[in-house]
Amino acid sequence: MEHFRIWQVSREYAGIAEAGGVKNVTTSLCEELAKEGHDVSLFMPLYGCSCTNSLENYKKDFVGETSVCVCGKNHKIGFDVAYTHGVRIIFVKHPAFAEKNGVYTYTVEDEKKDPEHIHGTGFSDALLLNSIFQKAVLAFGEISGFESPDILHCQDATTALIPAFLLEFYKDSAFYSKTKCVVTIHNAGEGYRHSFSSLKEAQSYTKLPKPMLEKALCKKVVEPFLLASQNAVLTTVSPSYAKELLNPHNKATEGISCAFAEKKIEIIGITNGIDYERYDPENPDVSLLPFPFSPENGKLFGKYLCRQKFLNEFVSEDYPLPQSIIRYGHIDLGLASDVSEPVYVGFHGRLVSQKGIDILAGAADEIMENDSAVRFIFIGQGEAKIEKELAALSEKHLGKCVYFKGYDRALSRLCTAVSDFVALPSNFEPCGLEDFIAQIYGSVPVAHATGGLNKIIDGQTGFLYSPNTAEKLTKKLREVIKIKQEHSEAFRNIIRTAATYIHRMYSWSAVCHDSYLPLYRKLLHHRQ
């Protein structure tokens, strides 16, 4: 039986340090590969916010210290190791990570200590963090006593320099001589590419030769994904997003799509899976929902019991919420046991411009002004401007709208599960996870037809609309609300079809077997 040694590199991992969808892909892929008998190591920083309580066999400083040079300074690096679900977790230790209360952005706590560290904005030393981490991963190999990795799989832009470092600084290394690299692009939008603002800045942080950096220039900035393409296969998280990334007219990537197209760089689209077992609505221990139900089998009574509890408790002004959550607005009690009305529309996600929250807010405002039977539920955190917009919307429509500012896993899932529809007005969306979760919980997604959201089968597993305007979303929401109110059996069929389709077609086991392992085999075959 084939046996690969695979190093995954990521800034986040579920249950340890979380920020976005990268954690889900990294965790699920690592655990599925380990389950199949492969030797899997996951490298990530050890943050101040890292949670290691659930890890097994935790050992501090299990190999000697090393150092890496960034911006002319030597930085001492240590390594801890632990295990979870068959995956070896290797923590990269450095003071710059140890002081962080978030993965990529400042927290409310950080802003209280220093008003210049506005919560929701990226770290001022982000390039330093990225460079230290990536150089440390490669330095580990030559002091660890481990066997060489067959595959070095880097997740997103914060790890995309590794193939270039490997090519330049380890070209004579016996340890890495047969290692092949994969870089997965999770998001190539503004603020996600971790670009260097100039050739000079890139040289300072990376020490890579000027000709290599020049090949990665795009509009005078140096792009890590373009650097990665010189020594790695590039993948992304859906075939639709791969097409968008290779479209030279794609404005959402600030020119890098044009560079991909001009350089004829191949990008392989592999749609993310979802671990159904982590969300299973029939098992409250994993779903974190108060009552079990089964959308696949058309058994929704528990879903509406969840809604009743939500209305009786979580939206009550007197109900104590998790410390991480602040509530704005409330929802008046309706006939929650009546599945026809009122109709509930939810949103859960990061509050960033990419997600089109302004479009949803505009549609929600219009609908709540004119329809007494629709309620909106928002939960999330991010850009302060968007948080304030949702707080104001909830206060304007008291009794019809609630906004939970912050993040709590159980409450986030509950907000999705109690909704009839989940609105996803993303301006662009590489893959999308919230549509999966909604469908598992019997909540029908209504999404802008972009990127990975195109995996929704319009009219069968959800609804798509375009163009992405508040007017178009308003019209679409009114159409689907009418279906729910007047054609209850057709609506239930959509719920049942969507849940069954996701469970059968998008398991991580299938994604691993059908896409990632064949890709690894192909790469390793070519090295021989």
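Here the structure is a predicted model, which is why all the values come from computation and not from measurement. By convention here, the first residue in the shown sequence is residue 1. Because only heavy atoms are used, hydrogens play no part in the values below, and waters and symmetry mates are left out as well, while side chains stay in.
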- Task: Identify, with sequence neighbours excluded, every residue that meets salt bridge (Lys or Arg N to Asp or Glu O under 4.0 Å) alongside Lys482.
- Result: none
- Query: Quick one: does Ile151's side chain get under 4.5 Å of Leu523's, heavy atoms only?
  - Reply: yes
- Query: Given side chains that start at C-beta, do those of Asn272 and Leu433 come closer than 4.5 Å, heavy atoms only?
  - Reply: no
- Does the side chain of Cys512 reach to within under 4.5 Å of the side chain of Leu33, using non-hydrogen atoms? yes
- Message: Any non-hydrogen side-chain atom of Val352 less than 4.5 Å from a side-chain atom of Glu383?
- Response: yes
- Message: Given the ring of Phe436, does Lys455 sit roughly above its face, with NZ or CZ under 6.0 Å from the centre of the six-membered ring and within 45° of the axis?
- Response: yes
- Task: Check whether any side-chain heavy atom of Thr236 lies under 4.5 Å from a side-chain heavy atom of Leu245, and answer yes or no.
- Result: yes
- Query: Strictly by modelled atom types, are Ser509 and Lys35 linked by a side-chain donor-acceptor pair under 3.5 Å?
  - Reply: no
- Going by the angle between their ring planes, with limits at 30° and 60°, are Tyr465 and His448 parallel, tilted or perpendicular? tilted
- Query: Salt bridge check: are Arg307 and Asp420 linked by an N-O gap of less than 4.0 Å?
  - Reply: yes
- Under the side-chain contact (heavy atoms from CB on, under 4.5 Å) criterion, do Val511 and Thr271 qualify, and how do the steps go? CA-CA 8 Å; Val511 173; Thr271 301; over 6 Å; no
- Item | Trace of the side chain to side chain donor-acceptor pair (under 3.5 Å) decision for Tyr47 with Arg11 | CA-CA 10 Å; Tyr47 305 97; Arg11 284 281 299 274; 2.8 Å; yes
- Message: Within the supplied structure, the quantity of interest is the number of heavy atoms (other residues, nucleotides, ligands) at a distance under 6.0 Å from Tyr319 OH; does it exceed 12?
- Response: yes
- Item | Close side-chain approach of Ser419 to Ile377, heavy-atom, < 4.5 Å | yes
- Message: Are His397 and Phe376 an aromatic pair, judged by ring center distance below 6.0 Å?
- Response: no
- Are there more than 12 heavy atoms of other residues, nucleotides or ligands under 6.0 Å from atom CD of Glu313? yes
- Message: Between Thr461 and Thr497, does the side chain to side chain donor-acceptor pair (under 3.5 Å) criterion hold? Intermediate values first, please.
- Response: CA-CA 6 Å; Thr461 66; Thr497 299; over 6 Å; no
- Using the test side chain to side chain contact (heavy atoms under 4.5 Å, CB included), find all partners of Ala499 that sit at least two apart in sequence or belong to another chain. Pro295, Glu296
- Task: List the steps, then state whether side chain to side chain donor-acceptor pair (under 3.5 Å) holds for Asn187 with Asp156.
- Result: CA-CA 7 Å; Asn187 196 325; Asp156 223 9; over 6 Å; no
- Whether Tyr403 and Tyr328 hold their rings parallel, tilted or perpendicular, with breakpoints at 30° and 60°: parallel
- Check whether the side chains of Tyr501 and Gln439 place a donor and an acceptor atom closer than 3.5 Å, and report yes or no. no
- Given side-chain contact (heavy atoms from CB on, under 4.5 Å), test Phe91 with Leu55 step by step and report yes or no. CA-CA 12 Å; Phe91 290 104; Leu55 301 179; 3.7 Å; yes
- Any Glu223 side-chain heavy atom under 4.5 Å of Ser195 side chain: yes
- Taking C-beta and beyond as the side chain, do Arg478 and Asn370 meet within less than 4.5 Å on heavy atoms? yes
- side-chain hydrogen bond (donor to acceptor under 3.5 Å, both in side chains) with His119: which of Glu109, Gln381, Glu387? Glu387
- Name the orientation class of the two ring planes belonging to Phe347 and Phe378 (parallel below 30°, tilted from 30 to 60°, perpendicular beyond 60°). tilted
- Message: Looking only at the side chains, is there a donor atom on one of Tyr407 and Arg350 sitting less than 3.5 Å from an acceptor on the other?
- Response: no
- Message: What I want to check is whether the side chains of Asp408 and Ser324 have a donor and an acceptor closer together than 3.5 Å.
- Response: no
- Centroid-to-centroid, Phe421 to Tyr344, below 6.0 Å? no
- Message: Atom NE2 of residue position His85 - does it have more than 12 heavy atoms of other residues, nucleotides or ligands inside 6.0 Å?
- Response: no
- Message: Tell me whether the NZ or CZ atom of Lys476 lies within the 45° cone about the ring axis of Phe463 and under 6.0 Å from its centre.
- Response: no
- Query: According to the interplanar angle, ranging from 0 to 90°, do the rings of Tyr516 and Tyr520 count as parallel (below 30°), tilted (30 to 60°) or perpendicular (above 60°)?
  - Reply: tilted
- Whether Asp275 side chain and Glu277 backbone form a donor-acceptor pair below 3.5 Å: no
- Message: Is it true that, when you exclude Glu486 itself, more than 12 heavy atoms of the residues, nucleotides or ligands shown sit nearer than 6.0 Å to its CD?
- Response: yes
- Taking the six-membered ring for Trp and the single ring otherwise, decide whether the centroids of Phe225 and Tyr192 are under 6.0 Å apart. no
- Cationic N near anionic O, under 4.0 Å, Asp39 to Arg88: yes
